[in-house]
Amino acid sequence: MPISPSTPHYPLAILGPGALGLHFAAGLNEHFPVALIARDEAVAARLRAGVEVGERRIRFDAFAPDAAPTADWVIVLVKAGDTADAAQTAARLARRGVLSLQNGLGNTESGRAVAPGLCWMAGMVPYNVASLGPGHLH
């Protein structure tokens with residue numbers, strides 16, 4: 001789907017909003033708008049309905065990939081085997097760059113091979129987030 005001038009724009013999008021992505025989104029969304037890019041519309045609808053993060057219930061701006069907004073930066077948190085698909089989505093959405101917080105080695109190189117026009121950076125998260133049931137994170 002081509003990006004039109006009326007497509008919404010966010011400072012940050014999180015691609016692969018599992019437990020860790022939702023944890024980041026909850027904290028960052030207090031400071032600026034964050035878009036979540038889910039695997040499909042059904043998952044996006046569940047995220048828009050709200051997620052318990054700690055003691056708070058948060059409703060997110062969530063989109064399926066084909067309806068995703070543009071963003072200055074994209075954080076990629078998909079499984080390593082999904083990096084190429086995520087990089088294709090990031091190439092359509094990101095205007096400045098991508099931060100890969102994925103487990104494993106070589107993810108930024110894989111992403112850069114698919115979307116070489118973006119700045120790709122690798123990061124590491126030294127903790128885990130537990131899913132205590134559907135829509136409830138700790």
Side-chain angles (χ1 to χ4, degrees):
M1 172 182 197
I3 303 296
S4 76
S6 62
T7 299
H9 183 81
Y10 286 74
L12 178 68
I14 296 178
L15 186 52
L20 190 57
L22 291 171
H23 171 74
F24 281 127
L28 294 168
N29 207 42
E30 293 179 9
H31 305 286
F32 52 84
V34 176
L36 301 181
I37 314 304
R39 79 177 69 233
D40 57 39
E41 180 52 36
V43 175
R46 285 196 301 273
L47 295 171
R48 288 191 300 267
V51 176
E52 283 184 45
V53 180
E55 302 287 322
R56 301 177 301 159
R57 183 146 190 94
I58 302 170
R59 293 180 191 276
F60 293 103
D61 292 347
F63 306 87
D66 62 347
T70 61
D72 292 325
W73 294 93
V74 173
I75 295 177
V76 175
L77 282 160
V78 300
K79 301 292 185 203
D82 295 327
T83 300
D85 288 340
Q88 288 177 347
T89 300
R92 280 190 305 111
L93 307 180
R95 297 297 172 245
R96 300 196 63 194
V98 177
L99 173 62
S100 170
L101 296 177
Q102 302 166 266
N103 286 333
L105 301 172
N107 292 309
T108 54
E109 291 81 3
S110 296
R112 198 176 290 120
V114 174
L118 293 174
C119 171
W120 281 81
M121 299 172 290
M124 184 168 54
V125 180
Y127 59 88
N128 195 14
V129 176
S131 178
L132 302 179
H136 189 177
L137 304 174
H138 180 71

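Computed from a prediction, not measured in an experiment: that's the story for all the values here.
Remark: side-chain polar atoms of Arg95 are not paired, donor with acceptor, to backbone N or O of Ala71 under 3.5 angstrom. Within the 3.5 Å criterion, the main-chain N or O of Val34 finds a donor-acceptor partner in the side chain of Asn29.
For the atom pair Arg39 CZ and Asp85 CG, the distance stands at 11.0 Å (nearest 0.5 Å). Interatomic distance, Leu77 CG to Leu99 CG, rounded to the nearest 0.5 Å: 8.0 Å. One finds the CG atom of Asp66 at 9.5 Å from the OG1 atom of Thr89 (value rounded to the nearest 0.5 Å). Taken from CG in Asp61 to CG in Leu36, the straight-line distance is 8.0 Å, to the nearest 0.5 Å. The distance from atom CD of Glu52 to atom CG of Leu22, rounded to the nearest 0.5 Å, is 12.5 Å. From Leu93, atom CG reaches atom OH of Tyr10 across 12.0 Å, with rounding to the nearest 0.5 Å.
Between Phe24 and Ile14 the shortest heavy-atom distance is CB-CD1, 4.1 Å. For Ile37 against Pro69, the heavy-atom pair with the smallest separation is CD1-CD, 3.9 Å. Here the closest non-hydrogen pair linking Gly27 and His31 is O-CD2, 3.4 Å. Closest approach of Asn107 and Asn103 over heavy atoms only: ND2-O, 3.0 Å. In this structure, Phe63 and Ala35 approach most closely via the heavy-atom pair CE1-CB, 3.8 Å. Closest non-hydrogen pair, Gly111 versus Thr83, comes out as N-CG2, 3.9 Å.
Surrounding CZ of Arg112 are more than 12 heavy atoms belonging to other residues, nucleotides or ligands, all under 6.0 Å away. Dense packing is recorded around CZ of Arg57, with more than 12 heavy atoms of other residues, nucleotides or ligands lying under 6.0 Å away.
Within the 4.5 Å cutoff, the side chain of Val78 has heavy atoms near those of the Gln102 side chain. Ile75 places none of its side-chain heavy atoms less than 4.5 Å from the side chain of Trp73.
No continuous path of hydrophobic side-chain contacts links Met124 to Tyr127 [ILVMFWY only; heavy atoms under 4.5 Å]. Following chains of ILVMFWY side-chain contacts shorter than 4.5 Å, one cannot reach Leu15 starting from Val114, and the two form parts of different hydrophobic clusters. Two different hydrophobic clusters hold Val51 and Leu132 under the rule that ILVMFWY side chains link at heavy-atom gaps under 4.5 Å. Clustering ILVMFWY residues whenever any of their side-chain heavy atoms sit less than 4.5 angstrom apart, transitively, puts Val125 in the very cluster that holds Leu12.
Applying the side chain to side chain donor-acceptor pair (under 3.5 Å) rule to pairs touching residues 114-124 yields nothing, sequence neighbours excluded.
Taking Ala44 as the reference, Ala38, Glu41, Arg48, Ala62 meet the side-chain contact (heavy atoms from CB on, under 4.5 Å) condition, with sequence neighbours excluded.
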